[in-house]
Amino acid sequence: MLIKTYCAAVNGLNVTTVTVEVSLTRGVMYHLTGLGDEAVRESRDRIAAALQNNGYKFPVADITVNMAPADIRKEGSGYDLPLAISILAANEKMKPDLLEHYMLVGELGLDGKLQPVKGALPVAICARSEKFKGLIVPKQNEREAAVVNNLDVYGMESLLDVINFFNGTHSYEPCFVDTRKEFYEQQYNFELDFADVKGQENVKRALEVAAAGGHNLIMVGPPGSGKSMMAKRLPSILPPLSLSESLETTQIQSIAGKLGRGTSLISQRPFRSPHHTISQVALVGGGNNPQPGEISLAHNGVLFLDELPEFNKSTLEVLRQPLEDRKITISRAKYTVEYPCSFMFVASMNPCPCGYYGDPTHHCVCTPGQIQRYMNKISGPLLDRIDIHCEIQAVPFSDLSKMAPGEPSEKIRERVIKARQIQEARFKDFKGIHCNAMMTERMLHQFAEPDAASMDMLRMAMERLKLSARAYSRILKVARTIADLDGSEQVQSQHIAEAIGYRNLDRGDWAERGI
């Protein structure tokens, strides 16, 4: 007897419907075709044990399994459930009438319990687009998949539940998630707040400008000056995710298996802070089974690299192209996968190996050559792609001892959101452009052209600091954001002056002076 069930193969953000065909004839062999990986080939043993422990026998027959389309590689244990149901239906141990209307995904334990799988959300989106009536997933994945409307999502505890569902012996209700209610309720619940930060007003201003325009930022200062503390609070002043951004972000987290149990939509912008021992593949993605890297997990959020010079130089250099293109294409001999990676790049570092160069309260023991070598670990092309360079001094005791809290994140966020709304209105006719940091060269001339006095100031800065053409465009983008925060239609000289002040590391004499 020939039976068909349906599941899906997830490759990057692309999902393909997979038809599992099972044919039983006389014999004792088990044949699996369709480019299944080791986990798929091992499914036979898991299915046999699960059936045995739930009162069913693995059929003594010649079983041929085909997973079509056969030229797409099938990876992971999510095919256990459709394979088990197909084998039972082909052996006439359950009714096959409803199988064509549902997509199934799930890993089987030896006791028949369903275990969670990666990628339930993109599979649900695929099931809806393919006009399936419903999707059956493990119980732990039901809220994640139920985000997709116009699709009945059933979270099942075990193989027996799925059998009873298709036989009609038990009634099950689809999972319902009030997506909008949960999404908007959780958007502003932040554990960290800028009210905890004492002093550092110039750094807060730089972070506000970065958040308002989506700009990349690096902070340079001695240990204990608050670099990491303020970076971790950056998500609390970023504009809230839109529903479409949230869905895209949740899909990536789902594919990577990073969603917590019972999670539906991600409502806050991601903040990723990998350790400096991270490899290139872990940072940008890839591997034998292609997985999103840290830059994709930070999509629509923040990637924070603490102690930037401690990262392997070759690892940092792979960030160049993603920072410009906002997507990463991973090409290998057998596959090509593309992941989005539109993130704010935030980094922090000490000014020298001992950390106290230019600190008035500590004596630096580093020679100028050591300082220069330390700074040279960050290449010029990478620094060019960072819009804002912010120098930090240690907080004086007079600021630390103040009992009054600093300005809360809520007030800063209000100003950031107003500036972003100006940018959304400005770029409404430009597809894929959402903030000033994304502007093209042509758009710079259209929206960020300074007046004559500002242009003279910029020309002088370019000549004295020997800035690159990329640094020139970065200054204009930052100046446009500062003007938006001021509510100014035109980029004025004070906006250009502040933007030039954020290019400190471009100065050739940086390592020869005190901060």
Side chain to side chain contact (heavy atoms under 4.5 Å, CB included) assessment of N350 paired with V220: CA-CA 6 Å; N350 295 328; V220 185; over 6 Å; no
As a quick check of understanding, evaluate side chain to side chain donor-acceptor pair (under 3.5 Å) for E248 and H299, giving each step before the final call. CA-CA 9 Å; E248 193 175 33; H299 181 59; 3.0 Å; yes
Between K118 and E107, does the salt bridge (Lys or Arg N to Asp or Glu O under 4.0 Å) criterion hold? Intermediate values first, please. CA-CA 10 Å; K118 297 179 181 179; E107 177 187 334; over 6 Å; no
Checking R269 against E245 for the side chain to side chain contact (heavy atoms under 4.5 Å, CB included) test, could you report, in this order, the C-alpha distance in whole Å, the side-chain angles of both residues, the deciding distance, and whether it holds? CA-CA 9 Å; R269 295 187 180 273; E245 286 178 328; 3.3 Å; yes
Before giving the answer on side chain to side chain contact (heavy atoms under 4.5 Å, CB included), spell out for L305 and L319 the whole-Å C-alpha distance, their side-chain angles and the decisive distance to 0.1 Å. CA-CA 12 Å; L305 300 188; L319 287 174; 3.9 Å; yes
Does the side chain to side chain contact (heavy atoms under 4.5 Å, CB included) test come out yes or no for L303 and M344, once each step is laid out? CA-CA 6 Å; L303 177 69; M344 270 185 67; over 6 Å; no
Walk me through it: do K204 and E407 pass the test salt bridge (Lys or Arg N to Asp or Glu O under 4.0 Å)? CA-CA 9 Å; K204 291 180 187 177; E407 186 179 23; over 6 Å; no
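Counting only heavy atoms from C-beta outward, the side chains of I496 and L476 approach each other to under 4.5 Å. Residues L135 and V148 form no side-chain contact, since every pair of their non-hydrogen atoms from C-beta on lies 4.5 Å or further apart. Between S314 and Q280, the closest side-chain pair of non-hydrogen atoms falls below 4.5 Å. Between L234 and V346 the shortest side-chain heavy-atom distance falls below 4.5 Å. Here the side chains of V137 and Y154 are not in contact, with every heavy-atom distance at 4.5 Å or above. Between L114 and K139 the shortest side-chain heavy-atom distance does not fall below 4.5 Å. A heavy-atom distance below 4.5 Å is not found between the side chains of I218 and S348. In this structure, C364 and C352 have side chains that are in contact, with non-hydrogen atoms separated by less than 4.5 Å.
Put simply, CG on L259 and CD on Q251 are 10.5 Å apart, with the number rounded to the nearest 0.5 Å. If you take CD1 on I295 and CD1 on I252, they are separated by 10.0 Å, rounding to the nearest 0.5 Å.
The backbone N or O of A124 sits nowhere less than 3.5 Å from a side-chain atom of R128 that would complete a donor-acceptor pair. Under the 3.5 Å distance criterion, the side-chain polar atoms of R480 are matched with a main-chain donor or acceptor of F447. Side-chain atoms of D359 come within 3.5 Å of backbone atoms of T361 as a donor-acceptor pair (strictly under, hydrogens ignored). One N or O on the side chain of Q200 and one on the backbone of Q393 form a donor-acceptor pair closer than 3.5 Å. Judged by distance alone, with hydrogens and angles left aside, the side-chain atoms of S409 form a donor-acceptor pair with the main-chain N or O of F194 at under 3.5 Å. With K198 contributing its side chain and G406 its backbone, the two residues share no donor-acceptor pair below 3.5 Å. Side-chain atoms of S254 come within 3.5 Å of backbone atoms of A120 as a donor-acceptor pair (strictly under, hydrogens ignored). When atom types are taken as modelled, the side chain of D152 and the backbone of G134 share no donor-acceptor pair closer than 3.5 angstrom. Checking side-chain atoms of K227 against main-chain N and O of P222 turns up a donor-acceptor pair under 3.5 Å. Between the side chain of Q492 and the backbone N or O of S454, no donor-acceptor pair lies under 3.5 Å.
When all heavy atoms of D306 and F311 are compared, the pair lying nearest together is O-CE1, 3.2 Å. Contact between A448 and V491 at its shortest, heavy atoms only, is CA-CG2, 4.0 Å. Shown here for Q140 and P116, the closest heavy-atom pair between the two residues is NE2-CD, 3.6 Å. Across all non-hydrogen atoms, the minimal contact from I72 to A9 is CG2-CB, 4.3 Å. Taking every heavy atom of both residues into account, F271 and P235 meet most closely at CD1-CG, 3.7 Å. In plain terms, the two heavy atoms of Q423 and N436 that are nearest each other are OE1-N, 2.9 Å.
Taking the charged nitrogens against the carboxylate oxygens, E75 and R73 do have a contact shorter than 4.0 Å, which makes a salt bridge. In summary, D196 and R233 engage in a salt bridge, as defined by a charged side-chain N under 4.0 Å from a carboxylate O. Residues E410 and R413 are not paired through a salt bridge, judged by the lack of any N-O separation under 4.0 Å between the basic side chain and the carboxylate. Under 4.0 Å is where a charged nitrogen must lie from a carboxylate oxygen, and between E414 and K411 no such pair does. D484 and R426 are joined by a salt bridge, as a carboxylate oxygen and a charged side-chain nitrogen come within less than 4.0 angstrom of each other. The pair E324-R470 meets the salt-bridge criterion, since a charged nitrogen lies less than 4.0 angstrom from a carboxylate oxygen.
Donor-acceptor pairing under 3.5 Å is lacking for the side chains of S488 and D486. For the residue pair D193 and S236, no side-chain donor N or O sits within less than 3.5 Å of a side-chain acceptor on the partner. Defined by atom type and a distance below 3.5 Å, a donor-acceptor pair is missing between the side-chain atoms of Q115 and S77. Defined by atom type and a distance below 3.5 Å, a donor-acceptor pair is present between the side-chain atoms of E317 and S379. A side-chain donor from one of E498 and Y502 sits under 3.5 Å from a side-chain acceptor of the other.
Under the ring-ring contact (aromatic ring centres under 6.0 Å, His included) criterion, Y356 pairs with H362, sequence neighbours left out.
The number of heavy atoms from other shown groups lying within 6.0 Å of NZ (K232) does not exceed 12. Within a 6.0 Å radius of CD in Q321, no more than 12 heavy atoms belonging to other residues, nucleotides or ligands are found. Atom CE of M229 sits in a crowded spot, with more than 12 heavy atoms from other residues, nucleotides or ligands closer than 6.0 Å.
Each of V203, V302, D387, L207 was compared with L217 under the side-chain contact (heavy atoms from CB on, under 4.5 Å) criterion, and only L207 meets it. Checking each of R442, E441, E449 against H445 for a side chain to side chain donor-acceptor pair (under 3.5 Å) leaves exactly one that passes, namely E449.
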